[in-house]
Amino acid sequence: MEQNDLILRPIDGPEELDLFSRLPYLLNEELADDLAVGRRRPEWLWVALRGDRLLARAAWWTRAGGDSPLILDILDIDDDARSDHRDIGVRLLRTAMAATLPNGSRPPEYSRFVPPDWRENTVTRKAVEDRMTVLERTGARLFVERLRLEWRPESPVPEPTGRLAFRPVRDAEELVALMTSVLDGTLDAHGRDDLTRMSTQEAALKHYKDELARYTSPRDWWRIATLPDGEPVGFVLPAHNGYNAIIAYIAVLPAHRGNGYIDDLLNEGTRVLAEQDVPHIRASTDLGSVPMANAFRRAGYVNFGREINMTWD
């Protein structure tokens, strides 16, 4: 599609990844592998060109083998371009959404990784806010800001306190039942949003099927924490998501909150992954989930970035 010498189109294939990657972003290095394994498709990677200059781009991601986009995780505009760069971003995104997404469907969530101090740096703040403005002009709104956290091998591996015992998860039914319980009083924005549209059990089962069950890392990494008499107090799910070792889920059951058990759980999950000699362990939590953020800090995790999530109503 061409408007006033501006060409809006998807890339032709992997051979145009160099073109698509002319605008810098940390996900650029993953694009070739994502295309190769089916997490992306060329028709989901769109560019706005004026001549041979890349002025804007957008891309969606899905799980390997997925049939439809799950998240809009790349939206960039040339920050050195003319003053109409945000207008170009809006035109590109609207055109790409109309061609890529099913008619009448709610667009997938938007995700953007940003530096931890992005608001303090004038240049970075303008770049982030310009992209958010593009999204807002297509109907999106800020949903949540999240902390990105990382444990590194030079940090000490926490020692067990002995307060809790740990055992593997018996089966999916046991885990979903515990997940259902911990949704009571959750501070997680995505969990709270799910509960506006479905029951706690439905939300837990959806989370399990859509994410946790899809990890190919060993299930025997998953741990349930119990008191000496065997009563569960919480669980932690160390995993590998295809990119990094992660703490996929961690929670204390409502009846046992306030006893500091979150530290024992996180320490156990960290030990499990550290034993795999991984280069780092990633985790994330909502900016407003202060107790969880403090637990990661106590366990030696550093805040190396943030994530902006926006959604369409």
Side-chain angles (χ1 to χ4, degrees), residues 1-3 6-14 16-17 19-21 23 25 27-28 30-49 54-78 85-114 128-146 189-190 193-194 196-198 202-203 206-207 209-211 214 241-243 307-313:
M1 181 175 295
E2 188 171 341
Q3 294 176 293
L6 183 69
I7 297 173
L8 311 175
R9 65 170 177 85
I11 65 171
D12 292 331
E16 286 200 310
L17 279 182
L19 166 66
F20 188 82
S21 299
L23 295 179
Y25 185 43
L27 295 185
N28 283 359
E30 299 174 358
L31 294 173
D33 187 59
D34 282 348
L35 279 173
V37 302
R39 289 188 288 256
R40 300 187 191 272
R41 299 180 183 180
E43 61 267 28
W44 296 351
L45 279 69
W46 279 71
V47 293
L49 301 167
L54 179 64
L55 296 180
R57 64 177 187 165
W60 285 268
W61 177 95
T62 192
R63 298 184 183 92
D67 293 328
S68 58
L70 281 183
I71 192 164
L72 174 68
D73 63 345
I74 295 177
L75 176 65
D76 282 305
I77 49 182
D78 186 348
H85 63 305
R86 286 179 293 187
D87 295 334
I88 292 172
V90 171
R91 287 162 60 183
L92 173 67
L93 185 55
R94 285 177 173 162
T95 301
M97 289 169 69
T100 304
L101 306 179
N103 289 334
S105 66
R106 181 183 181 184
E109 184 174 291
Y110 167 76
S111 166
R112 178 78 180 187
F113 296 143
V114 298
V128 173
E129 291 180 343
D130 279 351
R131 286 153 179 77
M132 293 177 71
T133 297
V134 169
L135 289 146
E136 288 167 352
R137 287 174 57 185
T138 68
R141 62 176 177 82
L142 178 64
F143 179 70
V144 70
E145 184 170 338
R146 292 172 62 80
H190 288 89
D193 182 61
D194 282 342
T196 66
R197 292 174 281 107
M198 62 190 77
E202 290 169 334
K206 176 180 178 291
H207 187 177
K209 288 183 174 180
D210 289 353
E211 180 184 350
R214 296 175 182 268
N241 64 5
Y243 300 98
E307 178 184 5
I308 301 292
N309 290 156
M310 298 182 70
T311 57
W312 286 259
D313 293 328

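Along the sequence shown, residues carry numbers from 1. In this text the structure is predicted, and so the values were computed from the model without any measurement. Because only heavy atoms are used, hydrogens play no part in the values below, and waters and symmetry mates are left out as well, while side chains stay in.
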Exercise. Counting N and O atoms only, with roles assigned by atom type, does the side chain of R57 sit under 3.5 Å from a partner on the main chain of L23, one being a donor and the other an acceptor?
Worked result: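 Side chain of R57 to backbone of L23, a donor-acceptor pair under 3.5 Å: yes, one is there.
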Exercise. What heavy-atom pair brings A64 and R39 nearest, and what distance separates the two atoms?
Worked result: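 Closest approach of A64 to R39, heavy atoms only: N-CG, 3.6 Å.
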For this session: Please confirm whether the backbone N or O of W44 pairs with a side-chain atom of T100, one donor and one acceptor, at under 3.5 Å?
Result: no
Exercise. For E202, which residues count as a side chain to side chain contact (heavy atoms under 4.5 Å, CB included) partner, sequence neighbours excluded?
Worked result: M198, S199
Problem set entry | Whether R40 side chain and W60 backbone form a donor-acceptor pair below 3.5 Å | yes
For this session: Say whether, by atom type as modelled, one donor and one acceptor occur between the side chain of R106 and the main chain of W312 under 3.5 angstrom.
Result: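 Yes; at least one donor-acceptor contact below 3.5 Å.
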Problem set entry | Stepwise side chain to side chain donor-acceptor pair (under 3.5 Å) check, Y243 with D33 | CA-CA 11 Å; Y243 300 98; D33 187 59; over 6 Å; no
Exercise. Which pair of heavy atoms, one from T62 and one from S68, lies closest together, and at what distance?
Worked result: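 So the two residues come closest at OG1-O, 3.0 Å.
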Exercise. Can you tell me if CG on D313 sees more than 12 non-hydrogen neighbours from other groups inside 6.0 Å?
Worked result: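 More than 12 heavy atoms, drawn from other residues, nucleotides or ligands, come within 6.0 Å of this atom.
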Exercise. W46 and A99: which non-hydrogen atoms are nearest, and at how many Å?
Worked result: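 Residues W46 and A99, closest heavy atoms: CZ2-CB, 3.5 Å.
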Exercise. Of all residues at least two apart in sequence or in a different chain, which pass the side chain to side chain contact (heavy atoms under 4.5 Å, CB included) check with R94?
Worked result: V90, T138
Exercise. Okay, side chain of Y25, backbone of L75: is any donor-acceptor separation there less than 3.5 Å?
Worked result: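 No, the answer is negative, given that no donor and acceptor are paired below the 3.5 Å cut-off.
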Problem set entry | Minimum-distance pair of heavy atoms, taken over all atoms of T95 and L8 | OG1-CD1, 3.5 Å
Exercise. Which residues satisfy the ring pair (Phe, Tyr, Trp, His ring centres under 6.0 Å) test with F20, sequence neighbours excluded?
Worked result: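 Ring pair (Phe, Tyr, Trp, His ring centres under 6.0 Å) list for F20, sorted by chain: empty.
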Problem set entry | Shortest non-hydrogen separation from P69 to P108 and the atoms involved |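 Looks like O-CG, 3.6 Å.
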For this session: Keeping the roles fixed (side chain from R63, backbone from D210), state whether a donor-acceptor pair exists under 3.5 Å.
Result: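 Yes, R63 side chain to D210 backbone: donor-acceptor pair under 3.5 Å.
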